[in-house]
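Notes for the one structure printed next.
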Amino acid sequence: MDISEVAKKSGVAASALRYYERKGLIHSMERDGTRRKFSPAVLDQLALIALGQVAGFSLDEIRVMFTPAGEPNIDRSMLASKADELDRMVKRLKAMSEGLRHAAACPAPSHAACPSFQRLLKAAASGALENRQKRSRLRKA
């Protein structure tokens with residue numbers, strides 16, 4: 001299949017296909033003049049890339065999910081780690097949602113007087129501080 005056919009069948013723009021090829025996520029088989037040719041298996045690779053992105057994996061993390069021949073070779077511990085990360089995120093988002101719902105319906109005269117809203121603010125500030133500290137440590141590494 002040429003690049004335009006892959007783009008049409010997969011819904012992935014030709015520019016993204018070229019980018020994925022430069023990043024080593026997919027590989028063209030040959031060129032017919034100036035047009036790249038791909039194996040039909042590239043559609044499965046693109047589906048795995050899309051699934052990985054939805055799950056929050058970076059393109060570099062997704063790249064290591066393929067063998068040099070383009071076959072899936074996914075590290076199960078990496079999947080478990082990402083699932084744990086998503087579970088933590090869901091827990092934080094659920095707590096935030098519940099706090100916002102409470103604040104929206106709170107009978108306190110103002111949000112500043114609402115103990116639940118104050119706890120929500122402290123949790124948000126604590127999380128923001130924690131994220132800043134993590135970013136700072138990463139920059140130093």
Side-chain angles (χ1 to χ4, degrees), residues 1-108 110-141:
M1 291 187 291
D2 74 10
I3 194 167
S4 63
E5 188 177 355
V6 173
K8 188 194 279 186
K9 287 185 176 186
S10 67
V12 177
S15 58
L17 294 171
R18 288 187 290 274
Y19 179 72
Y20 290 168
E21 188 175 19
R22 279 194 309 275
K23 294 281 287 178
L25 291 156
I26 61 174
H27 304 284
S28 57
M29 299 182 325
E30 60 187 62
R31 286 190 182 224
D32 181 17
T34 59
R35 299 192 76 105
R36 292 167 169 82
K37 294 282 194 174
F38 293 91
S39 158
V42 76
L43 297 175
D44 291 334
Q45 293 170 320
L46 292 170
L48 182 58
I49 292 167
L51 180 62
Q53 287 180 307
V54 168
F57 287 102
S58 69
L59 290 179
D60 289 333
E61 290 170 321
I62 294 169
R63 185 178 58 241
V64 300
M65 294 181 184
F66 294 105
T67 66
E71 295 295 319
N73 184 27
I74 304 167
D75 179 351
R76 292 174 191 264
S77 66
M78 185 169 75
L79 294 178
S81 177
K82 182 57 78 173
D84 291 343
E85 179 183 324
L86 291 173
D87 287 343
R88 288 188 299 275
M89 183 184 302
V90 165
K91 197 174 190 178
R92 284 191 310 271
L93 290 172
K94 184 162 178 48
M96 184 62 65
S97 173
E98 289 170 358
L100 291 172
R101 289 195 188 284
H102 172 79
C106 181
S110 76
H111 290 102
C114 173
S116 294
F117 189 72
Q118 290 303 313
R119 283 193 301 275
L120 182 64
L121 287 176
K122 286 179 185 171
S126 153
L129 179 60
E130 198 175 288
N131 287 337
R132 271 188 245 134
Q133 289 171 339
K134 283 180 188 175
R135 285 192 301 267
S136 177
R137 283 193 301 264
L138 288 175
R139 277 187 239 130
K140 292 177 184 175

Report task. List the steps and the verdict of side chain to side chain donor-acceptor pair (under 3.5 Å) for Ser4 and Asp2. Result -> CA-CA 6 Å; Ser4 63; Asp2 74 10; 2.8 Å; yes
Query raised in the report: Do Val42 and His27 have side chains that get closer than 4.5 Å, going by heavy atoms?
Result: no
Query - Heavy-atom closest contact (Met1 atom, Ser39 atom, distance) - result: CE-O, 3.9 Å
Report task. For the residue pair Met78 and Phe57, establish whether any side-chain heavy-atom pair is separated by less than 4.5 Å. Result -> yes
Query raised in the report: What are the two closest non-hydrogen atoms of Leu48 and Pro72, and how far apart are they?
Result: CD2-CB, 4.1 Å
Query raised in the report: Is any side-chain heavy atom of Met65 less than 4.5 Å from a side-chain heavy atom of Asp75?
Result: no
Query raised in the report: Under a 4.0 Å N-O cut-off, is there an ion pair linking Glu85 with Lys82?
Result: yes
Requested in this report: May I ask you to test the Tyr19-Leu25 pair for a side-chain heavy-atom distance under 4.5 Å?
Outcome: no
Query - Minimum heavy-atom distance between Leu43 and Ser10, given as atom pair plus value - result: CD2-CB, 3.9 Å
**Report entry** Nearest heavy atoms of Glu21 and Ser28, plus distance in Å
**Finding:** OE2-OG, 2.5 Å
Query raised in the report: Can you check whether Arg18 reaches Ile3 side chain to side chain, under 4.5 Å on heavy atoms?
Result: yes
Query - Val12 and Ile49, any side-chain heavy atoms less than 4.5 Å apart - result: no
